[in-house]
Amino acid sequence: MGMEPPLVEERRRLPDRRRTERAESRGRYPRKAAAAAVGVCGGLALVYLFFAAIGAVDLAEALGASAVALVMGLVWLGGYLLSRRQAEGTVGDRLERERRGF
């Protein structure tokens, strides 16, 4: 009798798919690190503005710190605007979502 080996044996010879790195997961960690850095910049700028608002920091005397806080605020604003632009998609995507009711 010519019995064929089971199909399971052939599947086991194939490389494990779970060990291959997907293209979308490669850029995940740098994006998360950039988002964390932008968030930290925004938080530190906000803390500086809080202390300036309650009078603990004189903006004129601490020009260097004020400039750094301004740059951090601009980094946060740029990161926010960039993420909003990427989240919105193109005009065609928005029209398709509206047509489908999303």
Side-chain angles (χ1 to χ4, degrees):
M1 291 189 180
M3 295 184 103
E4 295 182 21
L7 186 59
V8 176
E9 293 296 323
E10 291 177 17
R11 287 185 186 166
R12 288 186 182 167
R13 291 181 191 158
L14 294 176
D16 191 8
R17 292 179 298 180
R18 293 175 289 182
R19 294 184 189 197
T20 59
E21 191 173 346
R22 294 184 181 161
E24 66 264 5
S25 68
R26 275 186 230 146
R28 177 176 35 185
Y29 295 117
R31 282 193 308 261
K32 284 186 179 184
V38 167
V40 167
C41 284
L44 290 175
L46 192 62
V47 167
Y48 183 79
L49 288 176
F50 169 76
F51 283 114
I54 63 171
V57 175
D58 186 16
L59 297 176
E61 287 183 17
L63 285 177
S66 299
V68 169
L70 178 66
V71 168
M72 286 185 169
L74 291 174
V75 166
W76 175 81
L77 182 64
Y80 173 75
L81 293 175
L82 183 65
S83 68
R84 290 285 299 188
R85 183 183 301 165
Q86 289 174 350
E88 286 180 2
T90 62
V91 175
D93 292 340
R94 281 183 290 195
L95 293 175
E96 286 295 319
R97 276 187 259 140
E98 290 175 6
R99 184 177 63 83
R100 292 184 304 228
F102 291 110

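Residue numbers run from 1 in the order of the sequence given.
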Worked verdict on R84 versus Y80 for side-chain contact (heavy atoms from CB on, under 4.5 Å): CA-CA 6 Å; R84 290 285 299 188; Y80 173 75; 3.8 Å; yes
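- In the hydrophobic clustering of ILVMFWY residues, with side-chain heavy atoms under 4.5 Å counting as a link, V40 and V75 come out apart.
- Note on L81: it does not cluster hydrophobically with L74, by side-chain heavy-atom contacts below 4.5 Å among ILVMFWY residues.
- The CG atom of D58 sits 9.0 Å away from atom CG of L63, with the distance rounded to the nearest 0.5 Å.
- With hydrophobic clusters built from ILVMFWY side chains whose heavy atoms lie under 4.5 angstrom apart, V71 does not share a cluster with V68.
- A chain of hydrophobic side-chain contacts below 4.5 Å, direct or via other Ile, Leu, Val, Met, Phe, Trp or Tyr residues, connects F50 to L59.
- Between the OH atom of Y48 and the CG atom of L70 there is a distance of 10.0 Å, given to the nearest 0.5 Å.
- With hydrophobic clusters built from ILVMFWY side chains whose heavy atoms lie under 4.5 angstrom apart, V47 does not share a cluster with L49.
- Residue A45 comes nearest to A69 through the heavy atom pair CB-O, 3.6 Å, listed as atom of the first residue, atom of the second, then distance.
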